[in-house]
A.B. asks: 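Following this message is one structure expressed as structure tokens.
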Number of protein chains: 2
Amino acid sequence: MGTLSWRASLYKIPAGDYTVLVTEPLSLRDEQVAQTRAALVAAGRRLFGGQGFAKTSVDDLAREARVTTGALYHHFPRKAALFEAVFELVHRELLMSAAEAAAGSPDEVEFLARAFEAFLDSSLEPDIQRILIIDAPSVLGPVRFAELDEQYASDMLVEALNEAAAAGLLHVEDPETVARLLLGALTRGTMMIANAADPRAARDAVAAGVRTLLAGWSK
Amino acid sequence: MGTLSWRASLYKIPAGDYTVLVTEPLSLRDEQVAQTRAALVAAGRRLFGGQGFAKTSVDDLAREARVTTGALYHHFPRKAALFEAVFELVHRELLMSAAEAAAGSPDEVEFLARAFEAFLDSSLEPDIQRILIIDAPSVLGPVRFAELDEQYASDMLVEALNEAAAAGLLHVEDPETVARLLLGALTRGTMMIANAADPRAARDAVAAGVRTLLAGWSK
DNA sequence: TCGGTTCACATAGCGTCGCTATGTGACATG
DNA sequence: CATGTCACATAGCGACGCTATGTGAACCGA
């Protein structure tokens, strides 16, 4: 436990359990520590997702987590560091649900299309959009945002593109670049959907557009 | 002058002159007012572009514009309102330079490709990226950002797509959606470029990727 | 030309925010 | 059981966004 940094993901939340870096059983005290941290991250998820980063004060966060600001600053050196933990959590959930939704696809291209649509569905929830798309770039800064986004989204997409290419289904010269561009298109698609008068219709329109993009690379 | 709101774009800056809503000659006093406003917007452009919205204080802005904070709040009701004026200015400049760079293209598809590359070149300048891409969504909020982005970018893109489709060069079913997706891909492309170890190489890779996207819709 | 009105800006200060310095008590350790 | 550690709590500082109010110059009708 001694080397457990604030960046490590050791906490329990209703959506699932993640234990990283630590394999041995935790003492009672360490469990309470993890609980406090989890409460802070959960509070961050609710408040950042609901009203955005700027309008959420550190006092709000501490109150929502039923701790004091001192506890918050014991776990996270800055307000933005708590946001980063929330960002990672939400991103991980999003990836998992997308992969789950796309599992069992008949081929690699269909896997991509289904994963994209799952991504779009998630962004029907405005809190996810607020955290991952609206606030993250400015709060984390462009450099850190690019690092995390690469780690959580781009890498997986590159892998999927490469598999589809290996299967002979897609013709992609530069998967690294294409993955970012696709991700950008998807991101903007989510903003369209979230702000559309008819989100359901917008979702279907974006999904069709993305499938058209994929079709453009088909052999 | 009486109905001139803070949203109106009446100022002079080194990059060009914009006079909106007012056609009759200005009095000396009105010119000084426009000068003050221009100084504030110019200061906002420098500071917001250099250090970002959050790290730029209202005092910084007033000092840079060589006025007091009272003057700033006389022209703009909130700090974010000054940012919005800067956003509109930069966006307009970007559109004009992109259209200029693409003028004289042999066909509509080539016009699009050249305009896109001009857009990418502009984002080699980190201040433009910081304002238009990183900070704008969170500062303006998703709703206002979507409105402005539609007004300044999407509409023009939709028009260009429709022209290309009318010329029989592109097969686009839903130009509205495709425009947003393309714009999203471009936006992410600019982030790639700005954070790349070799921006020039990244620029060419993104440009090639975007041309591939367009090729996917070619007949 | 003169009086009053307007208004562009200056000045001072309030409430809130992010963050820090310091205190404290429970628990782990030998 | 004594001692150290550490997970928090408490208090407060400096900076920030914004507002209330003051002021002087420019405009305007008589």
Side-chain angles (χ1 to χ4, degrees), chain A residues 1-6 8 10-11 24-41 43-44 47-48 51-84 135 138-141, chain B residues 1-6 8 10-11 22 24-41 43-44 47-48 51-84 135 138-140:
Chain A
M1 254 313 272
T3 62
L4 187 66
S5 80
W6 62 268
L10 173 63
Y11 40 76
E24 42 195 290
L26 300 177
S27 72
L28 177 71
R29 200 184 189 207
D30 285 344
E31 276 188 17
Q32 290 170 346
V33 169
Q35 246 179 36
T36 301
R37 197 194 144 91
L40 283 166
V41 174
L47 297 182
F48 289 149
Q51 1 168 347
F53 181 83
K55 292 200 171 178
T56 301
S57 74
V58 174
D59 283 333
D60 290 340
L61 291 163
R63 201 177 310 117
E64 177 84 9
R66 294 187 298 178
V67 295
T68 60
T69 65
L72 193 156
Y73 278 95
H74 180 74
H75 283 275
F76 303 95
R78 280 159 285 112
K79 182 188 172 191
L82 172 55
F83 181 89
E84 186 170 323
D135 280 341
S138 75
V139 172
L140 303 176
Chain B
M1 256 310 275
T3 62
L4 188 65
S5 81
W6 61 270
L10 173 62
Y11 40 77
V22 176
E24 42 195 289
L26 299 178
S27 72
L28 177 71
R29 196 178 192 218
D30 285 343
E31 277 188 18
Q32 289 171 346
V33 169
Q35 248 180 32
T36 302
R37 196 195 145 92
L40 283 166
V41 174
L47 297 183
F48 290 148
Q51 0 168 348
F53 181 82
K55 292 199 171 178
T56 301
S57 75
V58 174
D59 284 334
D60 290 340
L61 291 162
R63 201 178 310 116
E64 178 83 10
R66 294 187 298 179
V67 295
T68 60
T69 65
L72 192 157
Y73 278 96
H74 180 74
H75 283 275
F76 302 95
R78 281 160 283 111
K79 182 188 172 192
L82 172 55
F83 180 89
E84 186 170 322
D135 279 341
S138 75
V139 172
L140 303 176

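To find a chain, count down the sequence lines: A is the first, B the second, and so on, and within it residues start at 1.
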A.B. asks: Check the distance between D:dA15's P and B:Lys79's NZ and give it to me in whole angstrom.
C.D. replies: 16 Å
A.B. asks: Looking at C:dA8, D:dG17, C:dA10, which one has an atom nearest to any side-chain atom of B:Val67?
C.D. replies: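 Nearest to the side chain of B:Val67 among the choices is C:dA10.
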A.B. asks: Mind listing the closest non-hydrogen atom pair of A:His75 and A:Leu40 along with its distance?
C.D. replies: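 Taking every non-hydrogen atom into account, CD2-CD1, 4.0 Å.
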A.B. asks: Determine the minimum heavy-atom distance between B:Ala39 and B:Ala65, stating which atoms define it.
C.D. replies: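 Heavy atoms only, the tightest pair is O-CB, 3.6 Å.
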A.B. asks: Just N and O in the side chain of A:His75: are any of them under 4.0 Å from OP1 or OP2 of D:dA7?
C.D. replies: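 Result: no.
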A.B. asks: If I take atom CZ in residue B:Arg78 and atom C1' in nucleotide D:dC16, what distance separates them, rounded to the nearest angstrom?
C.D. replies: 17 Å
A.B. asks: Nearest whole angstrom, please: distance from the P of C:dC9 to the CZ of B:Arg63.
C.D. replies: 19 Å
A.B. asks: Can you tell me which residue among A:Val41, A:Thr69, A:Leu82 is in a side-chain contact (heavy atoms from CB on, under 4.5 Å) with A:Leu61?
C.D. replies: A:Leu82
A.B. asks: Starting at CG of A:Leu82 and ending at C1' of C:dC17, how long is that distance when rounded to a whole Å?
C.D. replies: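 Roughly 16 Å, once rounded to whole Å.
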A.B. asks: Considering only C:dA10, D:dC8, C:dA12, which nucleotide approaches the side chain of A:His74 most closely?
C.D. replies: D:dC8
A.B. asks: What's the shortest heavy-atom distance between A:Glu64 and A:Ala43, and which atoms?
C.D. replies: CG-CB, 3.5 Å
A.B. asks: What residues in residues 51-62 of chain A put a non-hydrogen atom under 4.0 Å from any atom of DNA chain D?
C.D. replies: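 None, since no heavy atom is under 4.0 Å.
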A.B. asks: Can you tell me if the side-chain N/O atoms of A:Thr69 get under 4.0 Å from OP1 or OP2 in D:dA9?
C.D. replies: no
A.B. asks: Once you round it to whole Å, what is the distance between P of C:dC9 and CZ of B:Arg66?
C.D. replies: 14 Å
A.B. asks: Which atoms form the tightest heavy-atom contact between A:Asp135 and A:Phe53, and what is the distance?
C.D. replies: OD2-N, 2.9 Å
A.B. asks: Look at the side chain of A:Tyr73 and decide which nucleotide, out of D:dC18, D:dA7, C:dG18, has an atom nearest to it.
C.D. replies: C:dG18
A.B. asks: Considering only D:dC8, D:dA11, C:dT11, which nucleotide approaches the side chain of B:Thr68 most closely?
C.D. replies: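 Selected nucleotide (nearest to the side chain): C:dT11.
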A.B. asks: Which pair of non-hydrogen atoms, one from A:Phe48 and one from A:Lys79, has the smallest distance, and what is that distance?
C.D. replies: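 Shortest heavy-atom contact: CE2-CE, 4.2 Å.
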A.B. asks: Would you mind reading off the distance between B:Leu40 atom CG and D:dG17 atom P, rounded to a whole angstrom?
C.D. replies: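 Interatomic distance, CG of B:Leu40 to P of D:dG17: 14 Å.
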A.B. asks: Compare all side-chain heavy atoms of B:Phe76 with those of B:Glu84 and state whether any distance is below 4.5 angstrom.
C.D. replies: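 No, their side chains stay 4.5 Å or more apart.
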A.B. asks: CD of A:Gln32 versus P of D:dC8: gap in Å, rounded?
C.D. replies: 8 Å
